[in-house]
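Before any comments, here is the structure.
Below, chain A is the first sequence line, B the second, and so on; all start at residue 1.
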Amino acid sequence: MLFNSLDFAAFLALVACGYHLCPIRWRRWYLLASSYLFYFTWSVGFASLLLAVTGVAFVLAKRIADRQDERVRRQLLAVAVVVLLLPLLALKYLGQLSFGLIQNPHGGAWVSFLPSGVAAVGISYYTFKLISYVVDVYWQRIEPCHEFGSVAIFAAFFPQILSGPIQRAGDFLGQIQNLEATRPELIASGLRLMLFGFFKKLVVADRLGVVVDPVFTHPHQWSGSVLALGSYLFAIQLYADFSGITDIAIGAGRVLGFHSPPNFDSPFYAENIQDFWRRWHMSLTSWLTDYVFMPLRMASRDWGQLGLVASLVINMVAVGVWHGAAWTFVAFGLIHASYMAVLSLTLRRRKRFLQQRPVLQRMHRFIGPLITFNLVVVSLIFFRAADLSDAWYILSHACEGMLGSVARVAHRGVEHGVWGLSHLRWSPGDVVVVFGAALIMEAVHLLQRLKVAVDLPLVRWAGYFALGFAILLWGESGSKQFIYVRF
Amino acid sequence: MQTEQTIREQLNQVFREVFDDDSIEISDEMTAADVEEWDSLNHINLIVAVERTFGIRFSTKEVNGLANVGEFIALISSKLR
C-alpha cells in the first residue's frame with residue numbers, strides 16, 4: 001500500500017478513528033496490529049522476518065543490560081549487530097547484485113530497486129532502528145524495554161516503515177509507554193503536514209519527474225544544456241519527493257498522537273557541505289554519525305588527519321551504499337567524502353582567511369549556499385544516473401552545455417539559446433505551474449523554519465484549499481512510487 | 001589530585017583552543033548546541049585535546065554517554081582519582 005494512494009487514505013482514516021476510540025490501555029496493541037496489517041499489504045512473508053529481527057533485538061538488549069562483564073556485553077552486542085545486519089545485507093545488497101543491477105543497461109539502478117516485486121520493504125529503516133535500540137542499551141543511554149509489544153511497534157510503526165524518519169528508540173518508546181489522551185490540535189497539525197507533503201509529491205516532484213526521468217533514462221538523446229537543466233531539476237525533485245513523503249509520515253504519526261524527528265531543515269540554504277548534511281536526511285545522518293562515524297573516529301583518533309579522512313570516507317560511502325548496491329552510490333559517497341575532507345582539513349585556514357576579510361565574510365553567507373547547492377547537484381548526478389558512464393557523460397556534457405548556453409545567449413538571445421526547452425515536452429503552462437509550486441513549497445518551508453503561525457483562520461483555510469485544489473488540478477496523474485521507498 | 005576548579009580552568013582553556021574562540025566560558029549546562037563549531041568533527045578534536053591535557057583515555061561508550069559539560073567534568077574527575 002503506497003502513501004500516495006486512496007487505499008492508504010482510507011486505511012489511515014479507519015485506523016486513526018479506531019485508535020482514538022480505543023481505551024488508552026489497548027491502544028498500543030491496536031497500533032501493533034494496525035502496523036502489521038499495513039506491512040501484510042506489502043508482504044506477509046517478510047512480516048515474519050520483521051517480527052523475528054525484532055525478537056532478536058528485544059532478547060539481546062535485555063541480555064546485554066543484565067550482564068556485568070564488559071567482555072560478554074560486547075560479544076552480545078556484536079552478535080546482535082551481525083544478526084540484525086545479515087537480512088539487510090542478504091536481501092538488499094546480494095539480491096540487487098544478483099539481479100544484475102550494476103550491469104543493467106536500461107537504467108537498472110533506478111528502476112529495479114525492487115527486483116523481486118516488493119521485497120523486504122522498509123528493511124533499511126527498521127534494521128537501523130533496531131540496531132540503535134540495542135547499541136543505546138549497550139551504551140546505557142536507555143534502559144532495555146521489558147515489553148516486547150512496545151519494541152515491535154517501534155520497529156513496525158507503519159507511518160515510518162516505508163521511508164523513515166529513523167526515530168531513536170528512547171524517543172519512541174518513551175511515547176508508547178506514556179500514551180496520552182487524544183489531542184485534536186496534534187491531529188490537525190498532522191493532517192496539515194500530510195496535505196503539504198502530498199502537494200510536494202504530486203505537484204512539484206512528479207511534475208518535475210516528467211522532465212527529469214527521460215533526461216536521466218536516455219542522456220545521450222539530449223543536448224548538454226538540457227542535461228544541465230535535468231540535473232538541477234532532479235535535485236529539486238528529490239527534495240520535494242523525499243521531504244514530501246517525510247511530511248506524510250510525520251503527519252500520519254501525529255494523527256495517531258506520535259511525534260517523529262525532523263528529516264529536513266532547508267538543506268539548499270546550507271552554507272557548506274557539513275551544514276548540508278546537518279539539514280538533509282537528518283535522521284540517517286545523525287544515526288551514521290552516532291553509530292559509525294563517532295566509533296570510527298574514536299578508534300582512529302591517534303592517526304591524526306589520516307584517521308579523520310578514513311573515517312569520513314567510510315562514513316560517507318556508508319551513506320551512499322545505504323541507498324543500494326551500485327557503484328553510482330559509492331561514487332556519491334566518495335564525492336561527499338572528498339568535499340567533507342577538504343572542508344575539515346582547511347577549516348582553520350578558511351576561518352582565519354575570512355576573519356581578516358570582512359567583506360568576503362559577508363559575501364560568503366550568500367555565495368556559500370550557492371556553491372554548496374552546485375556541489376550537491378554534481379553529486380546527485382551520480383546518485384540518479386543509471387551507471388557511472390552515464391553519470392560522467394551527463395556531468396561533462398552538462399558543463400559544456402552550460403558554457404555553450406552562455407555563449408549562445410550572448411549570440412542569439414534568450415529565446416533560442418538557453419535551454420532548448422522546446423525539445424522537452426513541457427509547455428509554458430507546465431513551467432509556470434511547477435516553478436510556482438516549488439516557490440510555494442519554499443515559502444511554506446520558510447514559514448515553518450521561522451515558526452511563523454498564521455493566526456487568521458480565513459487565510460489559513462484559504463491556504464489549505466489552495467493546496468488541495470492545486471493537488472486536484474495539477475497533481476501529476478498516475479503518481480509514481482516515492483523515491484525513498486525503494487531504499 | 002586536581003580539584004574540580006583546576007579541572008574546570010584547564011578544560012576551559014582546551015575549549016578555547018579547540019574551537020579557536022577566546023571568549024568561551026564553559027558551564028555545567030553547556031552542550032554542543034551552545035558552541036557554534038562544536039560538531040561531530042570537532043567533538044573528537046576536543047576529546048583528543050582533553051586526553052592529552054589530562055593524560056587520560058576515554059572509551060566510545062563514555063564519550064557517547066555525555067549529556068553536557070558538567071558530566072564531562074565529572075568523567076574527567078573520576079578518571080583522575
Please assess A:Arg73 against B:Lys61 for the test side chain to side chain contact (heavy atoms under 4.5 Å, CB included), listing each intermediate value before the final yes or no. CA-CA 12 Å; A:Arg73 284 163 52 82; B:Lys61 192 173 128 189; 3.6 Å; yes
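- Around CZ of A:Arg449, the count of heavy atoms belonging to other residues, nucleotides or ligands within 6.0 Å exceeds 12.
- The contact between A:Glu70 and chain B is made entirely by side chain atoms (from C-beta outward), counting heavy-atom distances below 4.5 Å.
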A:Leu347/B:Leu41 under side chain to side chain contact (heavy atoms under 4.5 Å, CB included): CA gap, chis, key distance, verdict: CA-CA 11 Å; A:Leu347 179 67; B:Leu41 296 171; over 6 Å; no
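- Only the side chain of B:Glu37 has a heavy atom closer than 4.5 Å to any heavy atom of chain A.
- Of the listed residues (B:Asn64, B:Asn42, B:Ile47, B:Val48), the one with the most heavy-atom contacts under 4.5 Å to chain A is B:Asn64.
- To the nearest 0.5 angstrom, B:Asp39 atom CG is 10.0 Å from A:Asp275 atom CG.
- Heavy-atom pairs under 4.5 Å with chain A were tallied for B:Arg57, B:Glu51, B:His43; the largest tally goes to B:Arg57.
- Put simply, the side chain of B:Asn45 does not reach to within 4.5 Å of the side chain of A:Leu308, judged on heavy atoms.
- The contact between A:Arg301 and chain B is made by backbone and side chain atoms together, counting heavy-atom distances below 4.5 Å.
- Of all the listed residues (A:Phe293, A:Tyr138, A:Trp139), the one sharing the greatest number of non-hydrogen pairs under 4.5 Å with chain B is A:Trp139.
- Salt-bridge check for A:Asp302 with B:Arg52: failed, with every basic side-chain N at 4.0 Å or more from each acidic carboxylate O.
- Enclosure of atom CD in A:Glu143 is not indicated, since only 12 or fewer non-hydrogen atoms of other residues, nucleotides or ligands lie within 6.0 angstrom.
- Enclosure of atom CZ in A:Arg63 is not indicated, since only 12 or fewer non-hydrogen atoms of other residues, nucleotides or ligands lie within 6.0 angstrom.
- The number of heavy-atom neighbours closer than 6.0 Å to CD of B:Glu4, taken from other residues, nucleotides and ligands shown, is 12 or below.
- Between B:Ser40 and A:Thr289, the shortest heavy-atom distance links the atoms CB-CG2, 3.4 Å.
- Here the CZ-CG distance, from A:Arg141 to B:Leu66, works out to 10.0 Å after rounding to the nearest 0.5 Å.
- The distance from the CZ atom of A:Arg297 to the CD1 atom of B:Ile44 is 6.0 Å, given to the nearest 0.5 Å.
- For the pair A:Arg348 and B:Phe19, the tightest heavy-atom approach, listed with the atom from each and the gap, is NH2-N, 4.3 Å.
- Taking all atoms of both residues into account, the shortest heavy-atom contact from B:Asp20 to A:Lys351 is O-NZ, 3.5 Å.
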